[in-house]
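Only one structure is covered here, and it is reproduced in the block below.
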Amino acid sequence: MDTLVLIPGRRNLRYALLSGEHAGPNLQGSVLDWSTMGEERAMALIRESAKGEGYGTLPDVIGVRCINGGEGFKGPALVDEAVLCQLRELVSQAPMHLPGILKLLQTTEKVFPGVPVVLVFETSFFTDLPVRERTYAIPAELFGNAASRRWGFHGLYHRAACTKAARTLIDKGLRTTSRILSIFLGPQPELAAVLDLKPVVVTSGTTPLEGLPGETHCGEIDPALVLKLSQDSNFGPECTNNLLTGQSGLSGLAGRSVTLAEVIAADRGELAPIRELFFYRLLLAAGAGVAAMGGIDAITFSGCYASGSAPILGPWIWSRLSASISVDPGKQLWEVCPDSLEQIVANWAMVTVADHYSWPV
Amino acid sequence: MKVLVFNCGSSSFKYRLIDMPSEKELAGGEAERVGPKTSEPSRINHHVGLGNEIHAVELPDHATAFRHVMKLLERDPELTPQAIGHRIAHGGPNLTRHTIIDERVVAELEHIQCLAPIHNSPALKLIIACRELYPDLPETAIFDTVFHADIPEYARTYAIPRGLAESHGMRKFGFHGTSHQFVANEAARILDIPFHELRAVSCHLGSGGASLCAIVNGKSVDNTMGYSPLQGLVMSTRSGDLDPALALTLLVRANGNHDAVESLLNRSSGVLGLSGFSADIRDVIAEAAKGRDGSLEFDKIDRCAQIYLWRIRKYLGAYLAVVGGAHCVIFTDTIGERVPYVRWAVTSGLECFGLKVDPVKNEAATVLPADVSAKDSRVRVFTIATNEELAIARFTYGLLMNSAERREEFEGSFQWTPSY
């Protein structure tokens, strides 16, 4: 089955063409500045690119990675009228991304007519995050429950990574149930504590702005400081938001643009204190996650920096945790989930469509 | 040395006269309803030994209340204070040690008033009144923030542009320092280990504010409150941690009215905001205990309790990981000392950290300090009564005795006359 994966970002549209499950992409690329050129032009470019590689026919299914599915989308969704309706209702909750998705869907119908489209949401994995974890201590009337609850924004990676780690635990004869710390390492890192494949803690908040500090975003910060920044510097909310999302984090501390991987690797030099800060925040989150799960069986890493940074972080977290938790040195498991986002989305798309049409996969 | 300790609130203050170094409490009380007239008359509740007195007096401001308290004490020459210790909530970035008060300190306190307007301002008024009326009476400032002044850079730094943070003094300050340090000291005594070797997590759970403190080698290495007391736990009326984007959304909605949002998050959120009926978690727990049939809005109330407890549990796990091999966990202040259910709920399931509370000991812990941990719990769990006034008296005594000039005064017999 040929799957076309689309990962729309604000500036670029990533795409990949994959055949069959667990195979690497045959074709992968990114349409830069797609919002300026328009969805139709962007999709036409992708179609041409595919033709150029010998994929003249239409793909069997298109998988689109979306971020926020709200309370309604607990899993992937095969697009039909009902789904489109649900999406339109959701726009008011996540006004940033969803109008773009709706436009994209209109375009895919034009450029790839008749091809089933599956929407795969990052937040789905976290839809049923326990109420005590996802609810802030503010009056409920302020926002309404759905608009001010905690989400995780890398659910696709977390679920894939935890599924794999849980299997490792079973294969090694260690445990049939699992308490896993799932750490997504990307420009906006995120930690989730996943108990038997259900998340019970996540560091992100209503937006990815809360949680672990990222390459440019501040992460956890005293809310009073947010107000003070807005007031003192005469920034106003919009400017303060830009400051906290685009000019803070590890780069804000370094005074220059840095990547998370660079910081994690910096055991000496000017980035070393920033590495200490990141490691510290990670340890706090890890400790909270272990308390939430009542223990820990494995740590898993996913995301673009995982393979490079896990060999440093995995042993470090275990060494710190083992000072307060007694775990056999032989059982201090950490692993990297090597699946790319494209593969994860493709797998979901194929499985969803196979379910629906009962095609052999 | 007879140390008079003042602990100021916005419309009240508590005071205690403590003899040092014997630590005997000689007198004490509370001035209530200080400031503009309220529905109830203002008064001073005063006690000497076991005797209680209530004095109905007009207390239009803290200075007046201060004068009244001094008059009450001076009726008995044995109760005349020889030094005053002031509890100050916020030392700001420059007052990082407890200090004897001089003009420099007063100037700095005036400078940083905006950091803690509700708490620092009344205390500052008292200090100024005292310096005016009793210029020869030594005074000290004992800060809630000092214990956390030296937490590691990676713990106190926010991930915001460095230049901005430094020019505005935006770091994590942490609070309840005097209380955390006091109970940690007591824990070290109980465990019979030197304080500079203690590794502990201290949970100051008050009926108002609350915070956890991670202690390594007798030093604070982190506190859940931050730049302000708003950060961290779910408190009686404070939200604690919140997505910055939500704070900004609230600001937009309030048309840029920072005070309104600050008030919303500090005074209308937390347990009050979640339960809709009380700021006291004890009321919420009691109501939830009635069960789904016995309680109106059970879901809302139960959810409030769950969220309050869960936030404590997560920070407890976080700090146990940071401390690594804690000797003990300490529960203190109103909720920590008096509500066994909270201690039980936040520690249950933490056997992985070597922590186990004994439910029988926990319920029976009425005489403090108490060890509520199970026999096989590697990490001890204590509930210890905090005593900020005594801690302040200890610091005051220490500071004054260490100051050579003062020591002469006290080793001789120091005479001073009130001038009002």
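- The backbone N or O of B:Ala288 sits nowhere less than 3.5 Å from a side-chain atom of B:Asp302 that would complete a donor-acceptor pair.
- Only the side chain of A:Arg281 comes within less than 4.5 Å of a heavy atom in chain B; its backbone stays farther off.
- For A:Ser326, the parts sitting under 4.5 Å from any heavy atom of chain B are the backbone and the side chain alike.
- For a residue to count as touching a neighbouring chain, one of its non-hydrogen atoms must lie under 4.5 Å from one of that chain's; by this rule B:Leu350 touches chain A with the side chain only.
- Among the candidates A:Pro237, A:Ala285, A:Gly205, A:Pro213, the residue making the largest number of heavy-atom pairs closer than 4.5 Å to chain B is A:Pro237.
- Side-chain contact between A:Leu277 and A:Leu253 is present, with at least one heavy-atom pair separated by less than 4.5 Å.
- Chain A forms the most heavy-atom pairs under 4.5 Å with one residue out of B:Val379, B:Val234, B:Leu251, B:Leu316, and that residue is B:Leu251.
- Taking chain A as the reference chain and counting heavy-atom pairs below 4.5 Å, the highest number among B:Ala159, B:Ala321, B:Gly273 is found for B:Ala159.
- No donor-acceptor pair closer than 3.5 Å links the side chain of B:Arg171 to the backbone N or O of B:Thr157.
- Between chain B and the residues A:Thr240, A:Leu321, A:Leu142, the largest count of heavy-atom pairs under 4.5 Å involves A:Leu142.
- Note on B:Leu250, B:Leu309, B:Thr237: by heavy-atom pairs under 4.5 Å with chain A, the leading option is B:Leu250.
- Neither the backbone nor the side chain of A:Glu238 comes within contact range of chain B, judged by heavy atoms closer than 4.5 Å.
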request  = Starting from the C-alpha separation in whole Å, work towards a yes-or-no answer on side chain to side chain contact (heavy atoms under 4.5 Å, CB included) for A:Ser248 and A:Leu243.
outcome  = CA-CA 6 Å; A:Ser248 295; A:Leu243 175 81; 4.2 Å; yes

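- With a threshold of 4.5 angstrom between heavy atoms, B:Arg311 approaches chain A through side-chain atoms but not through N, CA, C or O.
- No side-chain donor from either of B:Asp280 and B:Ser207 sits under 3.5 Å from a side-chain acceptor of the other.
- If you measure heavy-atom distances from B:Val346 to chain A, you find no contacts under 4.5 Å at all.
- Looking at B:Leu246, the atoms closer than 4.5 Å to chain A (heavy atoms on both sides) sit in the backbone and in the side chain alike.
- Under a 4.0 Å N-O distance rule, the pair B:Arg162/B:Glu153 qualifies as a salt bridge.
- For chain B, the option among A:Ala193, A:Pro273, A:Ala288, A:Gly294 with the highest count of heavy-atom pairs below 4.5 Å is A:Ala288.
- Contacts with chain A were tallied for B:Leu230, B:Thr249, B:Leu272; B:Leu230 has the most, counting heavy-atom pairs under 4.5 Å.
- Of the listed residues B:Arg313, B:Lys314, B:His258, the one with more heavy-atom pairs under 4.5 angstrom with chain A than any other is B:His258.
- With a threshold of 4.5 angstrom between heavy atoms, A:Leu244 approaches chain B through side-chain atoms but not through N, CA, C or O.
- By number of non-hydrogen pairs under 4.5 angstrom with chain A, the leading residue of B:Leu355, B:Leu242, B:Leu274 is B:Leu242.
- Under a 3.5 Å cut-off, the side chain of A:His154 and the backbone N or O of A:Gln188 do form a donor-acceptor pair.
- With hydrogens and angles ignored, the 3.5 Å screen pairs a side-chain donor or acceptor of B:Tyr319 with a backbone N or O of B:Asn223.
- Nearest heavy atom pair, residue A:Val202 against residue A:Trp151, reads CG1-O, 3.7 Å.
- The aromatic ring centres of B:His148 and B:Phe175 sit 6.0 Å or more apart.
- Only the side chain of B:Leu264 has a heavy atom closer than 4.5 Å to any heavy atom of chain A.
- Heavy-atom minimum distance, B:Asp241 versus B:Gln231: OD1-CG, 3.4 Å.
- Looking at B:Asn257, its side chain does come within 3.5 Å of a backbone N or O of B:Ala260 through a donor-acceptor pair.
- For a residue to count as touching a neighbouring chain, one of its non-hydrogen atoms must lie under 4.5 Å from one of that chain's; by this rule B:Ala305 does not touch chain A.
- Counting heavy-atom pairs closer than 4.5 Å to chain B, the top-ranked of the candidates A:Ala323, A:Gly252, A:Ala137, A:Gly287 is A:Ala137.
- Scanning all heavy atoms of the two residues, the minimum distance from B:Leu320 to B:Ala326 falls at CD2-CB, 3.9 Å.
- Both the backbone and the side chain of A:Ile138 come within contact range of chain B, each with at least one heavy atom under 4.5 Å from a heavy atom of that chain.
- Contacts between A:Val327 and chain B at a heavy-atom distance below 4.5 Å are absent for every atom of the residue.
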